[in-house]
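Report on the structure given below.
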2 protein chains.
Amino acid sequence: MTENKAAPRWLDGTESRMWRAWIDMHRHLDRVLEQNLADAGMSMADFVLLVPLSESPEGQLRARDLGAEAGWDRSRLSHQIRRMEQRGLVARVDCETDARGTFIRLTPQGRAAIEAAAPGHVESVRENFLDLLDPSEIDLITAVAERVLERVRPRA
Amino acid sequence: MTENKAAPRWLDGTESRMWRAWIDMHRHLDRVLEQNLADAGMSMADFVLLVPLSESPEGQLRARDLGAEAGWDRSRLSHQIRRMEQRGLVARVDCETDARGTFIRLTPQGRAAIEAAAPGHVESVRENFLDLLDPSEIDLITAVAERVLERVRPRA
DNA sequence: TCAGGTTTGCTGACATGTCAACAAGTTGGG
DNA sequence: CCCAACTTGTTGACATGTCAGCAAACCTGA
């Protein structure tokens, strides 16, 4: 090849305006949602793990499966579970059928916490995001997000 | 008031599908861009600070102004600048006219680093995001992002 | 059976982000 | 001028996230 680095295609005005708005929107939206959950005594990290647990029929999941639901690696999950266990939100239970395994079980406090936090969180997602979009925009953004995901999601 | 908490308006199928795709897209897009910069020897945090510095006519900015550009608080900025200073990317220079102030100055290495990293970063933003959108989608997403920003941006 | 590879979860070291508090400097009303 | 309020940057403690590596348990093919 005679050329492995073309001149960079810098962003034009329209593109950089969008990119900046996009980045800023994320930062602030995350901050608002995080703040909203903090008012209910939990972090986004807590929430992300408590939701799949509370939706599980048994009220518990293998650490492996919880990690997959949240898209977290094992290490991060283990650290976070330790902290949540110390706060009484979850408990670790040995797995009978696979001695390597650990079930993460929602405690009554954990269930109370997620049930207390969830309505306010959903309301905040609506107030600060969904309710600002009309149905056609929701459809289009869904399509875009899924298209981008297809590109950036780790190859299965 | 007879009622301060209505029944939560949970997300319907369309909404939750969008919300999930949205969250996942962000997570993976951030990861891909971070990885791309890591290949050039820097983090997104480095990049975010080096860009305004490199665009400044003097090659330096007051810490105050750099923080405002990046939308960072003073503490985070100070810690990050210390780490970047240790790696030789920036230097701290006293401000003559305000003894409280500190200029953050781009070093030659810092400039070399940002100039080496920027083209690949822009290319990655295009490959993994912008080039997947057509112009009307870009316009719509810009409008949506700015509308949401208006709602979630801290009140000036 | 059993040796090698894989899966699972944990840990410690380190990098990064948040928070409250501090110290020094600047500013503005009286 | 002077003092209270504000601004600016730093620091230390702590919370969180990443990474490499460990050890135990599981699985699989010869």
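Residue contacts for B:Arg92: at a heavy-atom cut-off of 4.0 Å it reaches the sugar-phosphate backbone alone, with no base atom in range. If you check every strand for non-hydrogen atoms under 4.0 Å, A:Arg64 touches sugar and phosphate atoms only.
Nearest nucleotide to the A:Arg74 side chain, out of C:dT18, C:dG9, D:dG17: C:dG9. Checking D:dG17, C:dT11, C:dG17 against every side-chain atom of A:Ser78, the shortest atom distance belongs to C:dT11.
Under the salt bridge (charged side-chain N to carboxylate O under 4.0 Å, His left out) criterion, the residue pairs touching residues 55-70 of chain B are B:Arg62-B:Asp98, with sequence neighbours excluded.
Taking only distance into account, the side chain of B:Arg100 meets the base of D:dT7 through a donor-acceptor pair shorter than 3.5 Å. Between the side chain of A:His79 and the base of C:dG12 there is at least one donor-acceptor pair of N/O atoms closer than 3.5 Å. The base of D:dG17 does not come close enough to the side chain of A:Arg76 for any donor and acceptor atom to sit less than 3.5 Å apart. A donor-acceptor contact under 3.5 Å links the side chain of A:Ser75 to the base of C:dT11.
Within 6.0 Å of CG in B:Asp39 there are more than 12 heavy atoms belonging to other residues, nucleotides or ligands.
At whole-Å resolution of the value, CD1 in A:Ile104 and P in C:dT8 are 14 Å apart. As rounded to whole Å, 15 Å separates atom P of C:dT11 from atom CG of A:Asp73. Separating the CH2 atom of A:Trp72 from the P atom of C:dC10 is a distance of 14 Å, rounded to the nearest angstrom. Residue B:Gln86 contributes atom CD, which lies 10 Å from atom P of C:dA15 at whole-angstrom precision.
Looking at every heavy atom in both residues, B:Leu50 comes nearest to B:Gly110 through CD1-O, 4.4 Å.
The nearest heavy atom of DNA chain D to B:Leu77 and to A:Gln80 marks one nucleotide each, and the one closer to the 5' end goes with B:Leu77.
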